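Just below is one structure, and these are the notes that go with it.
The chains referred to below are lettered A, B, ... by the order of the sequence lines, with proteins before strands, and numbering in each begins at 1. Treat the numbers as computed from the prediction; the structure is a model and nothing was measured.
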Number of protein chains: 2
Amino acid sequence: MADRPLRADARRNRERVLEAARELFAASGLAVPLDDIAARAGVGPGTVYRHFPTKEALFEAVTVARLRDLVEFARGCAADDDPAAAFDRFLDRLTEEAAAKRNLPEAFTAVGMEGLVPVQEELYAALAVLVGRAQEVGAVRPEIRVPDLLVLLKAMLQAAGESPDPTVLDRIALVLRDGLRPPTDPGSIL
Amino acid sequence: MADRPLRADARRNRERVLEAARELFAASGLAVPLDDIAARAGVGPGTVYRHFPTKEALFEAVTVARLRDLVEFARGCAADDDPAAAFDRFLDRLTEEAAAKRNLPEAFTAVGMEGLVPVQEELYAALAVLVGRAQEVGAVRPEIRVPDLLVLLKAMLQAAGESPDPTVLDRIALVLRDGLRPPTDPGSIL
DNA sequence: GGCTAACCGGGGCGCGTGTTCCGTATATTC
DNA sequence: GAATATACGGAACACGCGCCCCGGTTAGCC
C-alpha cells in the first residue's frame, strides 16, 4: 500500500517493457506473444509479470495512454469555433494515426477489459459533442450516431492496417468523409 | 484416385460436418475450435479429419461455396443494363449477407489458403467490371480501385458484425454508398 | 447371414503461449 | 563495505487446441 519508490533498475525496465509493448502491439495487435515483448525489451518474461499482472493489463496500459491522447484531442476539437472544421481535423488526426497502429482499432470496441471502459466512455462523450455540433451546422448527416462513427472509424483503421498500399487509406478516408456529409442539400455550402 | 463412391454413413457425416462448420464459422469465424464443430455435428474430431485434411481445408470448403455464389451474383450484376443500379444491387446483397456472417470478410483477403485464391481472383475480376462500368456512367468516383473496395467492404462487414445494434449497418451502408459516389458534379444526375 | 473393407470415436501427442517460481544478482541503506 | 530487501531471468508448469492413431463398429457385397 505504502508505494515505496521503485528501484532505479525496476523503473528503467518498466519503461523498456512499455516501449517494446507499444511498438509490437502497434505492429501486430494483441496477437504478439508476450515473450517477444520481453525479448524486445531485453528482459525475461518474469520481469514483465512483475510489473503487469497479465498480458491484457499490459495492453491496457499501453492503449489507455493512446486513447487518452485521442480523447484530449477530440475535446480540443470540440472547443473549436468552426464545428465543421473541427470534425474534419479529428478525422485527419485519425487517418494519420492509422498508418500502422493496429492496437487502436482493437481498443475502440474491445470488451472485457475493465480498465479500458472509462476511456472508451470519455471518447464516446467527446465524439458526441463533436458530431453533434457538426450536425447542427449541417456538416454531418443527421442520422449518424456515435456508435456508427466508431464502427466506421474502426473499419478504416483496420483496413488501412491490412493493406500494404498506403494510398488505399487516402481513398478510403475520402469515401468516408464524403459519405458522412449530408447528401447535397441545396444551399448547404455555407 | 479411383473415386469409389463414399459409403452412405460417410457421406451423411460429411454433410453434417459441413453444415456445422457453416454455422459455426459464420458465427465466430476461424476462431472456433475444431472440436466444437465436431461436437455440433455429433461426430468425433477424428471423423472431421477423415474428410478434411486440415481445419483450414474445411474453412476453405465452406467459404469457397459462399464466395462462388457472390461471384456469380456479381457477374449477373455486371450484365445488367444500368451500371449504376447494378453496383447498388451488389452493395445491397453484401450488406444483407453481412448480418451475421463473419467468415465472409475473412475470406475476402485471407492469405495462405491455396484453394481460396482462384475464387478471390474471380471476385476481383467480376468487381473490376462492375466498378468500371459504374465509373463510366459517373456512379462511382473514378479514383476508386477494386482493392480499395475490397478492403473497405471487408473492414466494414467485420466492424458491423461486432456491433450488437443491427441498424448500425444500415447507416454505415448509407455512408459507404454516398461516399463512393463522385462529389456532386453538376449534371451527373442523368 | 457372414465376410471384408471402410469408417467412426475419442483418447492422446506435440506445440505454442500465458503464467509462476525460485535461485541469483543488484540497488539501496547504514 | 556489509547487510538486506528488492528485482531479475529463464526454466518449468498449465492449458487449449490442432492433429494423429488404433480398437471397435458398421455398411456394402456375396
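Atom-to-atom, CZ of A:F59 to C1' of C:dG18 comes out at 16 Å; the value is rounded to the nearest Å. The distance from atom CD1 of B:I37 to atom P of D:dG16 is 18 Å, rounded to the nearest whole Å. Following rounding to the nearest Å, B:L34 (CG) and C:dG9 (P) show an atom-to-atom distance of 13 Å. Between A:R12 atom CZ and C:dT26 atom P there is a gap of 11 Å when expressed in whole angstrom units. Protein atom CZ of B:R11 is 17 Å distant from nucleotide atom C1' of C:dC8, rounded to whole Å. Counting to the nearest Å, the P atom of C:dG12 and the CG atom of B:D35 are 14 Å from each other.
For the residue pair B:D165 / B:S163, no side-chain donor-acceptor distance below 3.5 Å is found, with atom types taken as modelled.
Heavy-atom distances to DNA chain D give each of B:V32 and A:G42 a nearest nucleotide, and the one nearer the 5′ end belongs to A:G42.
Ionic pairing of B:K154 and A:E162 is present here: one or more N-O contacts between side-chain nitrogen and carboxylate oxygen are shorter than 4.0 angstrom. In this structure, B:E19 pairs ionically with B:R22, as a charged nitrogen and a carboxylate oxygen lie closer than 4.0 Å. Remark: A:E96 does not engage A:R93 in a salt bridge, criterion side-chain N to carboxylate O under 4.0 Å.
Atom CZ of B:R66 sits in a crowded spot, with more than 12 heavy atoms from other residues, nucleotides or ligands closer than 6.0 Å.
Applying the salt bridge (Lys or Arg N to Asp or Glu O under 4.0 Å) rule to pairs touching residues 116-125 of chain A yields A:R68-A:E122, A:R75-A:E122, sequence neighbours excluded.
Contact annotation: B:N13 side-chain N/O to C:dC7 OP1/OP2 distance is not under 4.0 Å. Residue A:T47 has a polar side-chain atom (N or O) positioned under 4.0 Å from OP1 or OP2 of D:dG9.
Comparing C:dC7, C:dT28, D:dC17 against the side chain of B:L6 picks out C:dC7 as the nearest. When distances run from any side-chain atom of A:D9 to the nucleotides D:dG28, D:dA7, C:dC8, the shortest one goes to D:dA7.
At a threshold of 4.5 Å between side-chain heavy atoms, the hydrophobic network of Ile, Leu, Val, Met, Phe, Trp and Tyr places A:L174 and A:F90 in two separate groups.
Interface residues of residues 49-58 of chain A facing DNA chain D, ordered by number: A:R50, A:H51; criterion, heavy-atom separation under 4.0 Å.
Judged by atom type and distance alone, A:R7 reaches the base of D:dT6 through a side-chain donor-acceptor pair under 3.5 Å.
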